[in-house]
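Here, residue 1 is the first one in the sequence, and each next residue gets the next number.
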Amino acid sequence: MPRTDDWPGWRTDNGSVTNLAKNLTDTTRVHAGRVAVRVDNAAMTYRALDEASARVAGLLHERGLKPGDRVGIMMPNIAEVPVVYYGILRAGGVVVPMNPLLKAREVAYYLGDSTAGLVFAWHAFADEARAGAEQAEAELILIDEVGFPDLLASVAPVEEVTDRDNRDIAVILYTSGTTGQPKGAELTHGNLISNTDVARADIVRARPEDVIFGGLPLFHVFGQTVALNVAVASGRA
């Protein structure tokens with residue numbers, strides 16, 4: 001079906017900002033002090049997650065990111081995933097989730113195929129991430145427990161959320177590539193916002209006091225939809 005401006009599902013007419021990252025900022029306004037992410041014995045409130053994502057957006061602005069630019073995320077299920085994920089969206093960028101076990105040639109392929117000029121990678125996978133980023137001529141930002149918080153503390157947060165159209169790409173999610181090269185599925189803000197709302201209200205029926213276990217990889221679609229986006233959106237007013 002061709003996209004036309006006559007189909008209201010492709011646009012927002014109520015004057016509000018369209019961006020998947022609004023789920024985080026909306027929930028923060030209602031439940032700022034509530035725990036948003038818990039990993040082992042560490043807990044991050046919505047206020048802390050919101051601020052950290054705003055600093056990621058500031059970091060990306062400093063590096064010249066423009067709306068629609070692609071940014072890779074190569075991390076296991078750690079607290080930094082939502083920080084970077086929503087920070088990229090907040091800045092208007094497109095998230096390219098990547099399996100942290102990818103080898104250098106695969107990293108290079110994902111970055112080159114998606115045209116991502118920057119990738120955030122967990123330090124435990126630094127060698128393959130660095131080699132792949134060099135092949136793709138992309139910038140690498142390594143994340144660890146000490147250096148990354150210091151890096152974010154050095155930049156000014158960007159509080160506003162970049163307005164995007166429902167049709168604008170939010171995430172490029174790659175297939176497994178079992179029958180050929182992995183292919184990037186372009187998921188729009190409108191698509192992901194709708195998926196999140198339906199899953200939250202009709203499937204998971206998540207409430208603000210519920211705890212959602214994020215056992216599935218967050219670089220896969222179900223992990224992103226339920227363990228990340230639904231969990232963050234469940235506290236909205």
Side-chain angles (χ1 to χ4, degrees), residues 19-24 27-28 35-40 42-46 48-50 52-53 56-57 60 70-91 93-102 106-107 110-111 114 116 118-126 128-129 132 140-145 148 152 169-177 182 184-189 191-200 203-204 206 210-235:
N19 190 316
L20 183 62
K22 278 272 292 172
N23 284 342
L24 172 58
T27 299
T28 300
V35 172
V37 181
R38 190 183 302 277
V39 179
D40 297 328
M44 179 185 297
T45 64
Y46 278 104
L49 175 56
D50 182 61
S53 77
V56 169
L60 294 172
R70 279 74 162 157
V71 181
I73 295 182
M74 186 175 166
M75 289 184 275
N77 286 17
I78 54 177
E80 286 78 5
V81 172
V83 169
V84 176
Y85 183 94
Y86 288 109
I88 294 170
L89 295 173
R90 191 175 197 137
V94 177
V95 179
V96 182
M98 300 164 61
N99 188 330
L101 298 180
L102 293 176
E106 297 169 312
V107 173
Y110 275 60
L111 297 177
S114 66
L118 188 150
V119 57
F120 291 87
W122 187 238
H123 65 94
F125 310 99
E128 300 294 343
L140 171 66
I141 297 179
L142 285 179
I143 296 178
D144 60 27
E145 297 92 339
F148 189 58
L152 294 187
I169 301 168
V171 175
I172 298 178
L173 198 65
Y174 275 82
T175 62
S176 61
E186 297 179 340
L187 309 180
T188 67
H189 283 274
N191 166 224
L192 291 172
I193 290 169
S194 177
N195 281 357
T196 299
D197 287 345
V198 169
R200 177 176 65 94
I203 301 175
V204 180
D210 288 339
V211 176
I212 297 178
F213 174 66
L216 293 173
L218 296 179
F219 55 83
H220 282 172
V221 65
F222 194 85
Q224 269 183 77
T225 298
V226 176
L228 181 58
N229 290 324
V230 166
V232 167
S234 64

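When each of V95, V221, V96, N229 is tested with V171 by the rule side-chain contact (heavy atoms from CB on, under 4.5 Å), just one qualifies, namely V95.
In this view, V37 and V39, M44, L49, A79, P82 satisfy the side chain to side chain contact (heavy atoms under 4.5 Å, CB included) rule, not counting sequence neighbours. The side chain to side chain contact (heavy atoms under 4.5 Å, CB included) check on N99 picks up L101, L102, F219, with sequence neighbours excluded. Partners of A21 under the side chain to side chain contact (heavy atoms under 4.5 Å, CB included) rule, at least two apart in sequence or in another chain, are N19, Y86, L89, R90, V161. With sequence neighbours excluded, no residue satisfies ring pair (Phe, Tyr, Trp, His ring centres under 6.0 Å) with Y85. Scanning for side chain to side chain contact (heavy atoms under 4.5 Å, CB included) contacts around A121 gives M74, A129, L140, L142, with sequence neighbours left out. The salt bridge (charged side-chain N to carboxylate O under 4.0 Å, His left out) test applied to D144 returns no partner, not counting sequence neighbours.
When every heavy atom of M75 is checked against every heavy atom of W122, the shortest pair comes out as CG-N, 3.7 Å. Summarising the geometry of P76 relative to P100, their closest heavy-atom pair is N-CG, 3.8 Å, with the distance given to 0.1 Å. Scanning all heavy atoms of the two residues, the minimum distance from R38 to A43 falls at NH1-CB, 3.8 Å. Shortest non-hydrogen contact noted between V35 and Y46 is O-CE1, 3.9 Å. The shortest non-hydrogen separation linking L218 to A227 is CD2-CB, 3.9 Å. In plain terms, the two heavy atoms of I169 and I172 that are nearest each other are CG2-CG1, 3.9 Å.
Here N195 contributes atom CG and Q224 contributes atom CD; the two are 11.0 Å apart, rounded to the nearest 0.5 Å. Here the straight-line distance linking atom OG1 of T27 with atom CG of N23 works out to 6.5 Å at 0.5 Å rounding. The CD1 atom of I73 sits 8.0 Å away from the CD1 atom of I143 when rounded to the nearest 0.5 Å. We find the OG-NE2 distance between S176 and H220 to be 8.0 Å, quoted to the nearest 0.5 Å.
A donor-acceptor pair is defined here as one N or O able to donate and one able to accept, closer than 3.5 Å; such a pair exists between the side chain of S234 and the backbone of A231. The backbone N or O of D50 lies less than 3.5 Å from a partner atom in the side chain of S53, making a donor-acceptor pair.
Taking the side chain as every heavy atom from C-beta outward, V94 and I88 never approach each other to under 4.5 Å. Inter-residue side-chain proximity for V107 and L111 is flagged as met; some heavy-atom pair is nearer than 4.5 Å. Counting heavy atoms from C-beta on, the side chains of V204 and D210 never come closer than 4.5 Å.
Note: F120 and F148 have perpendicular aromatic rings, judged against thresholds of 30 and 60 degrees for the angle between ring planes.
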